[in-house]
Amino acid sequence: MNFSIHTWNVNSVRARADHISHWLDTIQPDLFALQETKVTDDLFPTSLFEKKGYGIEFYGQKSYNGVAIGYKKSKIFSPTSVVKNNPLFVDDQARFLASSFEISTGFTIRLVCIYVPNGSEVGSDKYHYKLDFLDSLTDFLQLELKTHENICLLGDFNIAPADIDVYDCKIWHEKILCSKAEREKFNKLLALDFLDTFRVLNPTKQMFSWWDYRQAAFRRNLGLRIDHILTTKNLFYSINKSGITTEIRKREKSSDHAPCWVEITI
DNA sequence: ATGGCAACTCCAAGTTGA
């Protein structure tokens, strides 16, 4: 059985309704995680997904943040063990959503969708909040690993893991998204038992997932790779391909992020 | 040196993002 997992920071699920609709039609993701939905749960546009045959779990708040996990109903069973926010991290912002999916008998994937804080500026209060968020995430996953062999940690990490993931590493040296401490937190996550699927499957490829709206950054390909799909090594053995759907960033009124994906055969 | 764009919000100028 083949299936795909995607992650996309949509920068408002309501403002991006047409894009999401088009994306579901053309890409037909089997499982997906969304970030920056920017809407409270009572106003979440469930029907946008339901009418295309998708189920959707969501956890949001007013104006900012917000995460969701969707699944193709004809192929994937309903989620179990849904967790909203990391139980080890007191947070008034909606940035974390986990759920388990039984793909086939005996093969379950634990999906952990995250929207890591941006961090604003190195050394700021928001920066320390970001680092704390990542520490608690690491603690959470360490516990999850005791009971799950197939974990997929995906979302907007707001970290460019290495210089190859940045269009100009001199400009971004020790800037937010690229600082040593942020990269160390990323590597600490990997050290638990995870692999950065895109980088392992495309070792020398420079490809980005985010481009600033300003300065015609997308046209000039001035981007960073800050959205990621990490999997446990056990799950990684089933992955064939990992990529980024940059076409979608070309469209009018697009999100500033492009969706990232993996293809899996079990 | 700064802003540039886009989405949000008690509807409109301030906040946030990356």
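Numbers restart at 1 for each chain; the letters A, B, ... are given by sequence-line order, proteins then strands. From a predicted model like this one, the values you see are computed outputs, not experimental measurements.
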Whole-Å gap separating C1' (B:dG3) and CD1 (A:Ile171): 15 Å
C1' atoms of B:dT15 and B:dC10, separation to the nearest Å: 15 Å
Nearest-nucleotide pick for A:Ser63, side chain only, options being B:dG4, B:dC8, B:dA7: B:dC8
Pairs where residues 67-78 of chain A contributes a residue and the test side-chain hydrogen bond (donor to acceptor under 3.5 Å, both in side chains) is met, not counting sequence neighbours: A:Asp30-A:Lys72, A:Asp30-A:Lys75, A:Glu50-A:Lys73
Contact letters for nucleotides 10-18 of chain B, in which S counts primed atoms plus P, OP1 and OP2 and B counts the base, heavy atoms under 4.0 Å: S----BSSB
Aromatic plane relationship, A:Trp261 with A:His6 - under 30° parallel, 30 to 60° tilted, over 60° perpendicular: tilted
Rounded distance (Å) that lies between atom P of B:dC5 and atom CG of A:Leu222: 15 Å
Heavy-atom donor-acceptor pair, A:Ser104 side chain to A:Phe107 backbone, under 3.5 Å: no
Row check, A:Phe208 ring normal vs A:Arg225 NZ/CZ: under 6.0 Å, within 45°: no
Whole-Å distance separating the NE2 atom of A:His19 from the P atom of B:dA6: 11 Å
Centroid separation A:Phe101 to A:Phe77 less than 6.0 Å: no
Between CG on residue A:Leu134 and CD on residue A:Glu184, distance to nearest 0.5 Å: 12.0 Å
Sugar-phosphate only, base, or nothing, as touched by A:Lys175 at under 4.0 Å among non-hydrogen atoms: nothing
Rounded distance in Å between the P positions of B:dG4 and B:dA13: 15 Å
Pairwise P distance, B:dA18 and B:dG14 [rounded to whole Å]: 22 Å
Rounded distance in Å - CZ (A:Arg249) to C1' (B:dA6): 10 Å
Distance between P atoms of B:dG17 and B:dA12 (Å, rounded): 25 Å
Under 4.0 angstrom between A:Arg14 side-chain N/O and B:dA7 OP1 or OP2: no
B:dA7 to B:dC11 separation - C1' atoms, rounded to the nearest Å: 14 Å
Rounded P spacing from B:dT16 to B:dA1 in Å: 24 Å
Ring center gap for A:His257 and A:Trp211 short of 6.0 angstrom: no
